[in-house]
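Just so it is clear, the structure is predicted and the values come from calculations on it, not from any experiment.
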Amino acid sequence: MTTTVQRLSQLNFASLSPAGGSFPSPIAWEDQTFYFLMLDRFSDGRENGYKDNEGNLVRSGTTPAYSPAGAENAVKTEADAAHWREAGTKYVGGTLKGLESKIGYLKRLGVTALWISPIFKQVRFRETYHGYGIQNFLEVEPHFGSREDLREVVRTAHANGIYVVLDIILNHAGNVFSYSGEQDHPWTGGMYPVEGFNDKDGNPTIPFVKPDPQNPPDYDGALFPVELQAPDIFTRKGYIKNWDYDPEFREGDFFDLKDIDHGYGSADDYQVSAALRHLCEAYKYWIAYADIDGFRIDTVKHMDRGATRYFVSVIREFAQSIGKENFFLLGEITGGRKRAYETLELTGLSAALGIDDIPDKLEYLVKGYRNPNDYFSLFRNSELVNKGSHIWFRNKVVTSFDDHDQVRKGNQKARFCADAHASKVVLNVLALNALTLGIPCIYYGSEQCFDGRGGSDRYIRESMFGGEFGAFRTRGLHFFNEDNPVYRELAKVLEIRRKNIVLRRGRQYLRPISAADDGVRFSLPEMVGGEIRSVVPWSRIFNGKEMLLAINTDYDQPKTAWVTIDNDLHCAGDGLTCLYSTDAAQIGQSVTVEARNGKAVLITVPAAGLVIFG
């Protein structure tokens, strides 16, 4: 039975620790493969014909599996299509229990770390299914389940060797109060008067004052824990108009989400507010209660660096005190790579989320519209980081190509597979992400080739389990298909990554190539006439061992090329063995090292394919 927690003073951390002790942190987060899911869109636990956590086929569910015959079954008429589109703006029905039932699906794919969208209780009068409109920092959103359900998800994940990272928000709360008057309230630098805290219906009927902690207002209104119900908790300066003007982007509201005042001052002399101290206690509670392994911190750009540094220090110390020596603190830092790097250095965050230029380069290199060096050079900008090329990026950035916001695409949002024939090369982009520097993250549904067409956020947040807003414009069909070729082949690739430290921690090099009938003139692969249809090879090297990997950006034809490898690690006449190829006939075959451009091997990469040699 869930006990209602209204005040921080009710928390007893000592009584929350797991009986067997906390689940220990990984030695190295770069060894992990992340999977990010939006909880409302992942699973409701009612699917039929999927494999349970032990690998047994489930026949007791009610939602059948998708087949091509069911494509676009939700948009047969304009009325149906309108219903499907509208459903994408609301809660669809994913739950924590549903997620728990799919841990085996994730484990068999090769996932070792799970990043879950915010699970906290939302304002009652908004359909903030995404989780970013928090009304109660100490409670789970009822649509998703209970605190006990969260604890069970984590227990099941840990039992299957999967770490759990929660998406959290420090910068703002939900739409928990209303400004006075009917006029617009943009940021101008001044403070606006407030009419009242919003009740469960969204009306400002709750006095905007500090309440009696023993007799707080409606539990479904205002903001909880009750310590956060005070006027000075908020900046009260209206919404952000200019997302690049400082201090506007730090002080303003995120649309109708209300900005929380963390304090003031430089990073080295930050004066911490009561609000920030309260939030630290609330999030410490979730670590202790649910045995969480890390946090992904939302909208770090919009917070003072001193506030971020304080939170990181408090949380890391608490986690270490209960046995989590390497608690993961991942920051969403928009505003460019330089800002991300400087924020990491000043705040002590574990890593930054690579949402700026990495996704673009990943996507369009694989599709054949970016020079490979544009992507690989992101990981060796020593002028920016002033460190060895492979040191910073190896474990300081989480990389992906699709996500739930796609800020980079403006009003043209769509998943990777929205382009014609892109499903032919989605394995390549998943593999390139997993087998190059950084901590790889898979966005849910990518392994099932979700296309996310439509332009707005809702369309890149399709439901895996069906419901009224299923992927591929369907309803009532689920997508937990472990026989999907992309799922099946990605699992093989991730298993090779798991077994080879060189693919997780090694430095990397984009390799020069030469035409198969040449072998003398070598150069880096690059676009010709605005596109590239070529072998794109790279090496990972760790402790004297080299592995050679390559993709083919030609969708239709295999490509053969001489590829440079490390001159000192190989002798002419040595062999490299194919450990993986999208053409299974190549696996186990060897190529011979020759004295060309130092040392080189002649390899063939299947059309739209991938090879790994070791």
J.: Who are the side-chain contact (heavy atoms from CB on, under 4.5 Å) partners of R316, not counting sequence neighbours?
T.: V312, Q320, L329, S350
J.: Out of E447, E482, E47, which one pairs with Y105 under the side chain to side chain donor-acceptor pair (under 3.5 Å) rule?
T.: E447
J.: Holding to side-chain hydrogen bond (donor to acceptor under 3.5 Å, both in side chains), I want the full list of residues that pass it with K324, two or more places apart in sequence or in another chain.
T.: D291, D293
J.: Just checking, is any N or O donor in the side chain of N567 or K599 under 3.5 Å from an acceptor N or O on the other one?
T.: yes
J.: Rounded to the nearest 0.5 Å, how far apart are CG of L602 and CD1 of I513?
T.: 11.5 Å
J.: Determine, for F480 and K102, whether the Lys NZ or Arg CZ falls below 6.0 Å from the six-membered ring centre while staying within 45 degrees of the axis.
T.: yes
J.: Has Q412 got a side-chain atom pairing as donor or acceptor with G455's backbone, closer than 3.5 angstrom?
T.: no
J.: So, for W29 and F328, is the gap between ring centers shorter than 6.0 Å?
T.: yes
J.: Which heavy atom of N552 sits nearest to which heavy atom of V605, and what is that distance?
T.: ND2-O, 3.3 Å
J.: Under 3.5 Å, side chain of R108 to main-chain N/O of K51, donor-acceptor pair present?
T.: yes
J.: If you apply the rule side chain to side chain donor-acceptor pair (under 3.5 Å), what do you find for E325 with S25, and how did you get there?
T.: CA-CA 6 Å; E325 289 293 331; S25 304; over 6 Å; no
J.: Side-chain donor-acceptor pairs under 3.5 Å in residues 436-443, sequence neighbours left out?
T.:
residue : atom : partner : partner atom : Å
T436    : OG1  : Y375    : OH           : 2.7
T436    : OG1  : L432    : O            : 2.5
Y443    : OH   : I460    : O            : 2.7

J.: Between R507 and Y509, does any side-chain donor sit less than 3.5 Å from a side-chain acceptor?
T.: yes
J.: Please say which of T343, T347, D268 ends up in a side chain to side chain donor-acceptor pair (under 3.5 Å) with R305.
T.: T343
J.: Rounded to the nearest 0.5 Å, what separation is found between the OG atom of S539 and the CD atom of Q508?
T.: 10.0 Å
J.: Taking only residues two or more places apart in sequence, or in another chain, which ones meet Y580 in a ring pair (Phe, Tyr, Trp, His ring centres under 6.0 Å)?
T.: none
J.: Classify the side-chain pair T112/Q32 by whether it contains a donor and acceptor separated by less than 3.5 Å.
T.: yes
J.: Can you list the residues that meet the ring pair (Phe, Tyr, Trp, His ring centres under 6.0 Å) rule with Y66, with sequence neighbours excluded?
T.: F472, F479
J.: Report the residues that fulfil ring pair (Phe, Tyr, Trp, His ring centres under 6.0 Å) with F416, sequence neighbours left out, ordered by chain and then residue number.
T.: F401
J.: Indicate yes or no for a side-chain donor-acceptor contact from S22 to the backbone of I322 under 3.5 Å, with no hydrogens or angles considered.
T.: yes
J.: Quick check: are there more than 12 heavy atoms from other residues, nucleotides or ligands sitting under 6.0 Å from CG of L57?
T.: yes
J.: Run the salt bridge (charged side-chain N to carboxylate O under 4.0 Å, His left out) check on E495 and R498 step by step: do they pass?
T.: CA-CA 5 Å; E495 178 64 8; R498 185 188 68 81; 2.6 Å; yes
J.: Would D357 and K361 count as a salt bridge (charged side-chain N to carboxylate O under 4.0 Å, His left out) if you check the C-alpha gap in whole Å, the side-chain angles of each, and the deciding distance to 0.1 Å?
T.: CA-CA 6 Å; D357 40 12; K361 305 297 190 294; 5.1 Å; no
J.: By the side-chain hydrogen bond (donor to acceptor under 3.5 Å, both in side chains) test, which pairs, at least two apart or in different chains, include something from residues 600-614?
T.: T560-T604
J.: Is the backbone of V407 close enough, under 3.5 Å, to the side chain of D405 for a donor and an acceptor to pair up by distance?
T.: no
J.: For D403 and Q406, indicate whether the former's side chain and the latter's backbone hold a donor-acceptor pair under 3.5 Å.
T.: yes
J.: So, do Y283 and F295 have ring centers that fall under 6.0 Å from each other?
T.: yes
J.: Within the 3.5 Å criterion, strictly below it, is a donor on S313 or E317 matched to an acceptor on the partner's side chain?
T.: no
J.: Could you check whether any side-chain N or O of D566 sits under 3.5 Å from a backbone N or O of L569, counting only pairs where one atom can act as donor and the other as acceptor?
T.: yes
J.: Would you say K499 has more than 12 foreign heavy atoms packed within less than 6.0 Å of its NZ?
T.: no
J.: Report yes or no: do N371 and E526 form a side-chain donor-acceptor pair below 3.5 Å?
T.: no
J.: In terms of side-chain heavy atoms, does S117 have a donor or acceptor partner in D167 at a distance below 3.5 Å?
T.: no
J.: Examine Y444 together with H404 and report whether their ring centres are nearer than 6.0 Å.
T.: no
J.: Only one of L349, V300, L170 forms a side-chain contact (heavy atoms from CB on, under 4.5 Å) with F311, so which one is it?
T.: L170
J.: State, to 0.1 Å, how close R415 and E462 come at their nearest heavy-atom pair, and which atoms those are.
T.: NE-OE1, 2.8 Å
J.: Does F23 have any ring pair (Phe, Tyr, Trp, His ring centres under 6.0 Å) partners at least two apart in sequence or in another chain, and if so, which?
T.: H158, Y163
J.: Any ring pair (Phe, Tyr, Trp, His ring centres under 6.0 Å) involving residues 529-575? Give me the pairs, sequence neighbours left out, ordered by first then second residue.
T.: F376-W538
J.: Which residues pass the side-chain hydrogen bond (donor to acceptor under 3.5 Å, both in side chains) test with D52, sequence neighbours left out?
T.: none
J.: Can you give me the closest heavy-atom contact between P372 and P525, atom names plus distance?
T.: CD-O, 3.2 Å
J.: What's the verdict on salt bridge (charged side-chain N to carboxylate O under 4.0 Å, His left out) for D31 and R504, showing C-alpha distance, side-chain angles and the deciding distance?
T.: CA-CA 6 Å; D31 289 346; R504 305 191 309 272; 2.9 Å; yes
J.: Going by the rule side-chain contact (heavy atoms from CB on, under 4.5 Å), which residues pair with D518 if we only count those two or more places apart in sequence or in a different chain?
T.: S514, A515, V520, R521
J.: Quick one: do D360 and R370 satisfy salt bridge (charged side-chain N to carboxylate O under 4.0 Å, His left out)? Show the steps, please.
T.: CA-CA 9 Å; D360 174 88; R370 293 288 185 275; 2.9 Å; yes
J.: Listed by chain and number, what are the side-chain hydrogen bond (donor to acceptor under 3.5 Å, both in side chains) partners of T399, not counting sequence neighbours?
T.: N433
